[in-house]
Amino acid sequence: MTKETSKVAVVTGGTRGIGAAICEGLKDAGYAVAATYQGNDEAAKKFSANTGIATYKFDVGDFDACEEAVKKITKDLGPVDVLVNNAGITRDAFLHKTTPKHWHDVVHTNLDSVFNMSRLVIEGMRERGFGRIINISSINGQAGQAGQTNYSAAKAGILGFTKALAQESASKGITVNAIAPGYIDTDMVRAVPPEVLEKIVAKIPVKRLGKAEEIAAMVVFLASDKAGFATGATFAINGGQYFS
Ligand code: CAA
C-alpha cells in the first residue's frame, strides 16, 4: 500500500475497540496519528505503549476542550488532514426507563462531538484544499434498535450531518463519509446481555460478529487520495444484517 507519510489523522475514541483498530490501520498506512479518549487511562497507556501512538485526553462533547486539544495536536503533529469521529457510548434502556441524563450523555458524546471536532478542523481543510472526515455511525442509526432511542437518534443524526457537510465541502477537496458498522466484537457489544447478543448474532447472515479491523480497512480507504470521488455516502459493514 502507498504510504501517505505527510498526513495527520485524528481518531476520537481511538484507544479501544474500533477506534484503536482505525488508529493502527492509519499508522500502518503512514499517517501521523493522534488518538483521543476520555476516561480509561489504563487502556490508553497500554494502547500507547503497544502502538507508539500519541493519546490526548479530553471530552469530545465539550467544545472548549476540543478546541484546546486540536490546537495541541496541531502543534505536536501538524494540521489535521483526516478526522475520524468515532467516539461513542451506549446507555441502553427502553424509552419508558430512559432518564434525561441517559439521553443527554449519549447525544453529547456521540453527536455533539461530531459537530465540535468537525467545526474545529473544517476551516483549515478548506484553506488547504484537502480533507477527509469519516464519521462512525451504526447499523442502529439506520435500522433503529429497541433499547436505544438515544443511540439510534444520535447515530442517525450523524448520517444527516455527513450528507450536509459533504455538499458544503465537495468543491474544496474535502470528502465527508459515514460508516455504519453492524455488531462488531468490542467491549461495547460484549456489554449486551449474552442472551440478547446470542439472538442478535443468530440474525446476522454471516453468523458472526464483525472485527474492528474490518471497519478500519474502510477508514483507511476513505482517508486515501484514491477515495476522492466518494463523498456523502454511508458505507454499511454489517455482515448482511441490514440493507439500507
Ligand atoms: N426488540 C424488541 N423487543 C425486545 C428486544 C428487541 N431487540 N430486546 C428485548 N425486547 C423485549 C424483551 O423480550 C422483553 O419483553 P417481555 O417483557 O415482553 O418479555 C422486554 O423487551 C424487556 O427486555 P429485557 O428483559 O431485556 O429488559 P431490560 O430492561 O432488562 O433490558 C435492554 C432492556 C437494556 C434494552 C436490553 O434488552 C438490551 O441491552 N438490549 C440490547 C440493546 C442493543 O442491541 N444494544 C446494542 C449495543 S452495541 C452497539 O450499540 C454498537 C452498535 O453500534 C451496533
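In each ligand, atom 1 is the first atom listed, and ligand 1 is the first ligand listed. Predicted model only: the values in this text are computed from it and were never measured.
- Not a single protein heavy atom sits closer than 4.0 Å to atom 36 (C) of ligand 1.
- Counting the atoms of ligand 1 from 1 in the order shown, those under 4.0 Å from a heavy atom of Val192 are 41 (C), 45 (N), 46 (C), 47 (C).
- Environment of CD in Glu198: sparse, with no more than 12 heavy atoms of neighbouring residues, nucleotides or ligands closer than 6.0 Å.
- With Val84 as reference, Ile136 is the one residue of Val10, Leu222, Ile136 to meet the side chain to side chain contact (heavy atoms under 4.5 Å, CB included) rule.
- For the pair Asp105/Asn150, no side-chain contact is recorded, criterion being any heavy-atom separation below 4.5 Å from C-beta on.
- For atom 27 (O) of ligand 1, the closest heavy atom belonging to the protein is Lys97 NZ, 4.7 Å.
- Only the side chain of Val196 comes within contact range of ligand 1, with a heavy atom under 4.0 Å; no backbone atom does.
- Ranking the protein heavy atoms by distance from atom 43 (C) of ligand 1 puts Asp92 OD2, 3.6 Å first.
- For atom 41 (C) of ligand 1, a protein heavy-atom neighbour is present inside the 4.0 Å cut-off.
- Distances shorter than 4.0 angstrom occur between a heavy atom of Ile200 and an atom of ligand 1.
- Side-chain contact check for Phe221 versus Ser224: some heavy-atom pair is nearer than 4.5 Å.
- Distance remark: protein heavy atom present below 4.0 angstrom from atom 7 (N) of ligand 1.
- Protein non-hydrogen atoms do reach within 4.0 Å of atom 21 (O) of ligand 1.
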ask   = Does the pair Asp185 and Arg190 meet the rule for a salt bridge (Lys or Arg N to Asp or Glu O under 4.0 Å), with working shown?
value = CA-CA 7 Å; Asp185 193 358; Arg190 290 280 167 204; 2.8 Å; yes

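- Under the 3.5 Å distance criterion, the side-chain polar atoms of Thr12 are matched with a main-chain donor or acceptor of Ala87.
- In terms of protein heavy-atom proximity, atom 38 (C) of ligand 1 is closest to Pro193 CD, 4.0 Å.
- Thr90 places none of its side-chain heavy atoms less than 4.5 Å from the side chain of Val106.
- Counting only heavy atoms from C-beta outward, the side chains of Leu26 and Val220 approach each other to under 4.5 Å.
- Of the protein's non-hydrogen atoms, the one nearest atom 5 (C) of ligand 1 is Ala146 CB, 4.1 Å.
- Tyr151 and Ile139 are not part of a single hydrophobic cluster, where members link through side-chain heavy atoms under 4.5 Å apart.
- Residue contacts with ligand 1, taken as heavy atom pairs separated by less than 4.0 Å, do not involve Ile184 at all.
- Distance screen at 4.0 Å: atom 10 (N) of ligand 1 has a protein heavy-atom neighbour inside the cut-off.
- Residue Lys155 does not touch ligand 1, judged by heavy-atom distances below 4.0 Å.
- Atoms of ligand 1 lying under 4.0 Å from any heavy atom of Ser138, numbered from 1 in the order shown and given with element: 52 (C), 53 (O), 54 (C).
- The Met188 neighbourhood of ligand 1 comprises atoms 49 (C), 51 (C), with distances under 4.0 Å to a heavy atom of that residue.
- Near Gly147, meaning under 4.0 Å from one of its heavy atoms, ligand 1 places the atoms 35 (C).
- At a threshold of 4.5 Å between non-hydrogen side-chain atoms, the residues Asn238 and Ile204 do not count as touching.
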query = Yes or no on side chain to side chain donor-acceptor pair (under 3.5 Å) for Asn85 and Ser118, after CA distance, side-chain angles and deciding distance?
reply = CA-CA 8 Å; Asn85 285 308; Ser118 304; 3.2 Å; yes

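- With respect to atom 44 (O) of ligand 1, the closest heavy atom belonging to the protein is Tyr183 OH, 2.9 Å.
- Of the options Thr162, Thr234, Ile158, a side chain to side chain contact (heavy atoms under 4.5 Å, CB included) to Ser137 is made by Ile158 and by none of the others.
- Listed by number with element, the atoms of ligand 1 under 4.0 angstrom from any heavy atom of Gly182 are 54 (C).
- Proximity of atom 31 (O) of ligand 1 to the protein is not indicated, since no non-hydrogen protein atom lies closer than 4.0 angstrom.
- Taking any N or O of Thr90, backbone or side chain, none lies under 3.5 Å from an N or O belonging to ligand 1.
- Protein heavy atom in closest approach to atom 3 (N) of ligand 1: Phe94 CZ, 4.1 Å.
- Nearest protein heavy-atom contact of atom 48 (S) of ligand 1 is Val189 CG2, 3.7 Å.
- There is a protein heavy atom less than 4.0 angstrom from atom 54 (C) of ligand 1.
- Grouping the Ile, Leu, Val, Met, Phe, Trp and Tyr side chains by contacts below 4.5 angstrom, directly or via other members, places Met117 apart from Ile89.
- Contacts of Gln148 with ligand 1, taken as heavy-atom pairs under 4.0 Å, involve the side chain alone.
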Give the table of side-chain donor-acceptor pairs shorter than 3.5 Å for residues 69-77, with sequence neighbours excluded, one pair per line with atom names and distance.
| residue | atom | partner | partner atom | Å |
| --- | --- | --- | --- | --- |
| Lys72 | NZ | Asp76 | OD2 | 3.3 |
| Thr74 | OG1 | Val70 | O | 2.7 |
| Asp76 | OD2 | Tyr56 | OH | 2.7 |

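- For atom 13 (O) of ligand 1, the nearest protein heavy atom is 4.0 Å or more away.
- Not one N or O on the side chain of Ser113 forms a donor-acceptor pair closer than 3.5 Å with the backbone of Gly61.
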Under 3.5 Å, which donor-acceptor pairs link side chains of residues 169-183 to any protein atom two or more places apart or in another chain?
| residue | atom | partner | partner atom | Å |
| --- | --- | --- | --- | --- |
| Ser169 | OG | Leu165 | O | 2.7 |
| Asn177 | OD1 | Gly232 | N | 3.3 |
| Asn177 | OD1 | Ala233 | N | 3.0 |
| Asn177 | ND2 | Ala230 | O | 2.8 |
| Tyr183 | OH | Asn140 | ND2 | 3.1 |
| Tyr183 | OH | Gln145 | OE1 | 3.1 |

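- For Ala191, no heavy-atom contact with ligand 1 is shorter than 4.0 Å.
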